[in-house]
Amino acid sequence: MKINITLPDGSIREFPNGVTGSEIASSISEGLARVSLAIEVNGEVWDLSRPILSNAAIKILTWNDKAGKTTFWHSSAHLLAEALEALHPGVKFGIGPPIENGFYYDVDLGGKAFGDEDLAAVEVKMKELAKKNSVYSRKDVSKAEALEYFTAKGDPYKIELIDGLDDGKITFYQQGDFVDLCKGPHIPNTGFIKAMKLLNVAGAYWRGNEKNKMLTRIYGITFPKQKELEEYLHLLEEAKKRDHRKLGKELELFAFSEKVGMGLPLWLPKGTILRERLEQFMRKAQIKAGYDPVVTPHIGSKALYVTSGHYEKYGKDSFQPIHTPDEGEEFLLKPMNCPHHCEIYKTKPRSYRDLPIRLAEFGTVYRYEQSGELHGLTRVRGFTQDDAHIFCRPEQVKSEFIKVIDLVLHVFRSLGFENFTAQVSLRDPANKEKYIGQDHLWERAEREIQEAADEQGLQTVTVLGEAAFYGPKLDFMVKDALGRNWQLGTIQVDYQLPQRFELEYVGSDNQKHTPVMIHRAPFGSLERFVAVLIEHCAGNFPLWLAPDQIAVLPISERFNDYAKLVYDRLKEQDIRGLLDDRDEKIGRKIRDAETRKIPYMLIVGEKEVSEGMVAVRKHSQGDQGSIALDEFVNRFRLECAAPN
RNA sequence: GCUGUUGUAGCUCAGUGGUAGAGCACUUCCUUGGUAAGGAAGAGGUCGUGAGUUCAAUCCUCAUCAACAGCUCCA
């Protein structure tokens, strides 16, 4: 019996029935056979040793394939488990999957502390075990057999997992002395794993549920070559240099104080310039797009949030009400701006002719985020949203939504964020009690969001369970230096709040109608946006945002007077900069200005003084030659204009 | 909030059961220098906070606060 195997290039070859992936790889080339990790059979990844029993389209997977890496890391997780069991007999295993970079295994060490030394010891053991070239072998087992094995072994988490599986579809994998419940696939043997690093230990709730026991999660990464591990670790180090918390300190942009309170950022002068530049940019864009700026207070009476539903949802996990000398009077620090804007809407009767009304505010809000969630500027307890609420007629929702998408894209493009993900965040259908409002309005909102995104040609991913409690969202996600995803821009359709606040307008039919509300914040928050911006450009801000645009560097103190003249001239033109008149050599001044990532340096000495010139140096690009001061100023002013 | 790790000078970090050190930054002096670190001297710290063990604690124990990694959460 022969079967036909279709290779990725479309060619078809005949093999005996029951041929394995490794046999196919060998028939193609010895080199391929040496590096092949798994095989894709009709879109499914299999072990190389598994016989193929019918015609199939295949692809041999190596380290260069994503699925190859995933398989490699999955097998590495098993190796980690084997090492753990060898060193910590009786350890109970949860799950051990591959992740984007590496893998982890969740284990229950019976309450034993597991520190860095234990981690290092396990790593050594893994290396030792890997060298044994133990084969990963697959075995079909019945549900009863599977339960019997793990009951005898005393692995309650595996038993729970098996309980959820169908009989007849359960497989074990074994390498060395370690047997695991696993559907596979795996690489041929442990010898492929040449380089490994256990990265860290963390807690993780069993099955991701806060109410379950917390297991110990061990993260690691492995590679087929030592050099690749070194490169990866180097890359991690490089990424850490772009961390906004590090750069924020070095460039004096923001700070935190224990005394002020955790998660409450202090914006330093240079950071404030950056922030205000962004704010100005947004104000201008919004005025152009037909928004009306408003300003509302930082607190509001508790009744406001009872009406909005936020109090019920978040009240007990928030900053608690502020009391006044009047018995029973309570105010909340505002955790969002929408209720205030609803009250602005209600200040007078509205006609359908008035809509849409777009109220915009850089609104500072306070949310009592869990202490473990705080993270630099990306997750804080006091932050400023570039918030706005659009009140419109139902038939205007889509066109308004599209306009907002355009605004968000304009902002992202202006700041060079090309790699974002547009995420449609919907309800978790299995968990509807988390949300308010009627189904048909949710469905309508979801449809409108998806249609608007599609019409703008946005590639979207849909994520269930990420909606706000009052409505679905379109979120714009951007990765930080270390690849963590953050939500920046967000657009939300809301049919609930207008009802709760009894907002209305008079239609052309002279009847009262309820408007629809669109919440939107292109930056999301100034704090988070600045954080991601810092990491994105590694602190080398575009000229229009740079806190210090120019450093004037006199070659010696003899030229300080002329340097001051140059500096004053820049200031007159609203150019931001500094004059470095320290008694230091020019090399030193240049180094310091480079380190501080100042885009332009103007060097002045004997030659420049006599001719009214400046020697221009660009950050990280070196000497640009000399130019008359006036001409430099003219050119610079053109170059530093904000996008519009 | 949970698990683990960390907390020493403005910053980056050494170090020790007998009340502390480096480099950079800072101050002063020398130097007046042409595109990434000139030289010298000086000043600067209740070793996160509180309690305990000890003749003696920055170091050991406990508690607490904060930061970091991850989980959970995210209006």
Side-chain angles (χ1 to χ4, degrees), chain A residues 99 104 106 109 111 113-116 118-119 199-219 240 243 245-246 249-250 252 255-259 261-263 305 308-315 317-318 334-339 365 367-376 378-380 385 387 425 436 466-471 473 482 484 486-487 490 492 494 497 519 528 553-560 583-595 601-608 615-626:
Chain A
I99 51 177
Y104 66 77
D106 282 348
L109 291 152
F114 192 85
D116 287 345
D118 301 295
L119 201 63
L199 298 163
N200 49 39
V201 185
Y205 299 107
W206 169 238
R207 300 206 136 174
N209 188 331
E210 206 176 353
K211 301 205 166 51
N212 288 343
K213 182 163 186 185
M214 179 162 269
L215 305 181
T216 303
R217 177 169 294 180
I218 299 170
Y219 285 90
K240 281 187 190 148
D243 190 312
R245 292 165 298 189
K246 182 174 156 66
K249 195 180 270 180
E250 286 170 4
E252 297 177 12
F256 290 90
S257 147
E258 278 189 33
K259 225 167 196 162
M262 59 164 117
Y305 304 100
S308 70
H310 289 98
Y311 188 78
E312 195 197 338
K313 180 95 180 147
Y314 298 104
D317 301 318
S318 295
K334 79 173 165 188
M336 83 291 304
N337 305 295
C338 359
V365 297
R367 296 179 184 174
Y368 190 76
E369 303 287 4
Q370 291 182 10
S371 58
E373 263 317 316
L374 301 174
H375 183 99
T378 47
R379 195 79 183 271
V380 287
Q385 299 176 304
D387 208 358
S425 303
I436 60 169
E466 288 289 302
F469 74 92
Y470 49 76
K473 312 188 282 177
L482 287 171
R484 291 175 289 216
W486 295 98
Q487 174 207 308
T490 178
Q492 310 166 7
D494 181 1
L497 274 197
H519 310 244
R528 186 177 288 178
L553 311 179
I555 278 175
S556 86
E557 285 180 333
R558 293 197 345 232
F559 312 110
N560 278 358
D583 174 15
E584 289 290 350
K585 287 192 175 177
I586 192 63
R588 179 50 184 277
K589 294 184 185 182
I590 287 172
R591 183 187 149 81
D592 288 346
E594 291 277 351
T595 311
M601 284 150 267
L602 296 183
I603 293 149
V604 295
E606 188 91 54
K607 192 173 135 221
E608 287 73 25
V616 179
R617 182 187 166 99
K618 267 186 157 177
H619 179 261
S620 72
Q621 290 174 47
D623 194 357
Q624 308 286 301
S626 290

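This is a predicted model, so every value here is computed, not measured. The figures that follow rest on heavy atoms only: side chains count, while hydrogens, waters and symmetry mates do not. Convention: sequence-line order gives letters A, B, ...; per-chain numbering from 1.
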Could you check A/Leu482 against A/Lys589 and say which one's nearest nucleotide on RNA chain B is further toward the 5' end? A/Lys589
In the strands shown, is B/U54 matched to any nucleotide by a Watson-Crick or G-U wobble pair with both distances under 3.5 Å, and which? none
Pick base, sugar-phosphate or nothing for A/Gly309, based on heavy-atom distances below 4.0 Å to the nucleic acid. nothing
At 4.0 Å (heavy atoms only), tell me whether A/Glu594 reaches a base, stays on the sugar-phosphate, or touches nothing. base
Let's see if you can work this out: which of B/A36, B/C71, B/A66 has an atom nearest to the side-chain heavy atoms of A/Arg617? B/A36
Look at all strands and tell whether A/Ser371 reaches a base, only sugar-phosphate, or nothing, counting heavy atoms closer than 4.0 Å. base
Could you tell me whether A/Glu250 contacts a base, only the sugar-phosphate backbone, or nothing, with contacts defined as non-hydrogen atoms closer than 4.0 Å? nothing
Among B/U12, B/G34, B/G4, the nucleotide that comes nearest once only the side chain of A/Lys249 is considered: B/U12
Sugar-phosphate, base or nothing in reach of A/Phe256, heavy atoms under 4.0 Å: nothing
Please check the phosphate of B/G70 (OP1 and OP2 only) for any side-chain N or O of A/Arg484 closer than 4.0 Å. yes
Which is true for A/Ala204 with a 4.0 Å heavy-atom rule: it touches a base, it touches only sugar-phosphate, or it touches nothing? sugar-phosphate
With a 6.0 Å cut-off (strictly less than), is the heavy-atom count around CD of A/Glu312, excluding the residue itself, greater than 12? no
For A/Arg207, report the nucleic acid contact type (base, sugar-phosphate, nothing); a contact means any heavy atom under 4.0 Å. nothing
Does A/Arg379 reach a base, just sugar-phosphate, or nothing at all? Heavy atoms under 4.0 Å. base
Looking at A/Arg245, does any N or O in its side chain come under 4.0 Å of the phosphate oxygens OP1/OP2 on B/C68? yes
Tell me whether the OP1 or OP2 atom of B/A69 has a side-chain N or O from A/His375 closer than 4.0 Å. yes
Given RNA chain B, 5'-ward residue of the pair A/Ile603 and A/Glu210, judged by closest heavy atom: A/Ile603
My understanding is that a pair needs two contacts under 3.5 Å, Watson-Crick or G-U wobble. By that rule, which nucleotide pairs with B/U49? B/A63
Can you tell me the base-pairing partner of B/A43? Count Watson-Crick or G-U wobble geometry only, both distances below 3.5 Å, and say none if there is no partner. none
More than 12 heavy atoms of other residues, nucleotides or ligands under 6.0 Å from OH of A/Tyr368: yes or no? no
Considering every strand shown, what is the Watson-Crick or G-U wobble mate of B/C73 when both distances are under 3.5 Å? none
Please confirm whether any donor atom in the side chain of A/Asn200 sits under 3.5 Å from an acceptor in the base of B/U5, or the reverse. no
Looking only at B/A36, B/A75, B/G33, the nucleotide nearest the A/Asp583 side chain is B/G33
Answer yes or no: does a side-chain N or O of A/Tyr314 lie under 4.0 Å from OP1 or OP2 of B/A75? yes
Base, sugar-phosphate or nothing for A/Glu252? Non-hydrogen atoms, less than 4.0 Å. nothing
Answer with base, sugar-phosphate or nothing: what part of the nucleic acid does A/Glu584 contact at a heavy-atom distance below 4.0 Å? base
Nucleotide forming a Watson-Crick or wobble pair with B/G34, both distances under 3.5 Å: none
Out of B/C74, B/U32, B/A75, which nucleotide sits closest to the side chain of A/Ser556? B/U32
